[in-house]
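Down below is the structure, laid out as structure tokens.
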Amino acid sequence: MNIEKIKNYNQKLLAVFGTLAVIFLAGSMLVTLIVFIVDIWPSGRDANDGLLSDEQTAALLQDNKRQQVVSYGMPHLIDTVNRIYVVPAAVQTLKMPET
């Protein structure tokens, strides 16, 4: 067998796999950067998107109205042994109180 052919083949194989690894790492870094930027970027939510104060809640209860809507997502099982779930919740503040 010719050792030079085997060396050339190994060099070409290493170059191909090295190039694929560099492309994969660059793509992974790009996706990670995009996800990071999307998480940090302001999403256009209203700055007053928190919970209402007790005074506002009391005034709305007297008029039998609501200004916030709480919605719950699908529970996610995080511990199968102890059966612990995480239930995502979101609070949406309405622009105008509704009955």
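Predicted model, so just to flag it, every value in this text is computed and none were measured. For this chain, numbers begin at 1 and follow the sequence in order.
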Apart from I84 itself, which Ile, Leu, Val, Met, Phe, Trp or Tyr residues share its cluster (side-chain heavy atoms under 4.5 Å, direct or through members)? I78, V86
Intermediate values then yes/no, side-chain contact (heavy atoms from CB on, under 4.5 Å), Y72 and V70: CA-CA 7 Å; Y72 299 99; V70 178; 3.6 Å; yes
So how far is it from L77 CG to D79 CG, rounded to the nearest 0.5 Å? 7.5 Å
Which residue pairs satisfy the side chain to side chain donor-acceptor pair (under 3.5 Å) criterion with at least one member in residues 5-23, sequence neighbours excluded? none
So do H76 and P88 actually touch side chain to side chain, heavy atoms under 4.5 Å? yes
Is I6 linked to L14 within one hydrophobic cluster, defined over Ile, Leu, Val, Met, Phe, Trp and Tyr using a side-chain heavy-atom separation of less than 4.5 Å? no
Heavy-atom closest contact (P75 atom, V87 atom, distance): CB-CG2, 3.9 Å
What distance do I37 atom CD1 and T32 atom OG1 have between them, rounded to the nearest 0.5 Å? 11.0 Å
Should L30 and V38 be regarded as members of a common hydrophobic cluster, given that ILVMFWY residues are connected when their side-chain heavy atoms come within less than 4.5 Å of each other, either directly or indirectly? yes
List, by chain and then residue number, the residues other than F36 in its hydrophobic cluster (Ile/Leu/Val/Met/Phe/Trp/Tyr, side-chain heavy atoms under 4.5 Å); write none if there are no others. I40
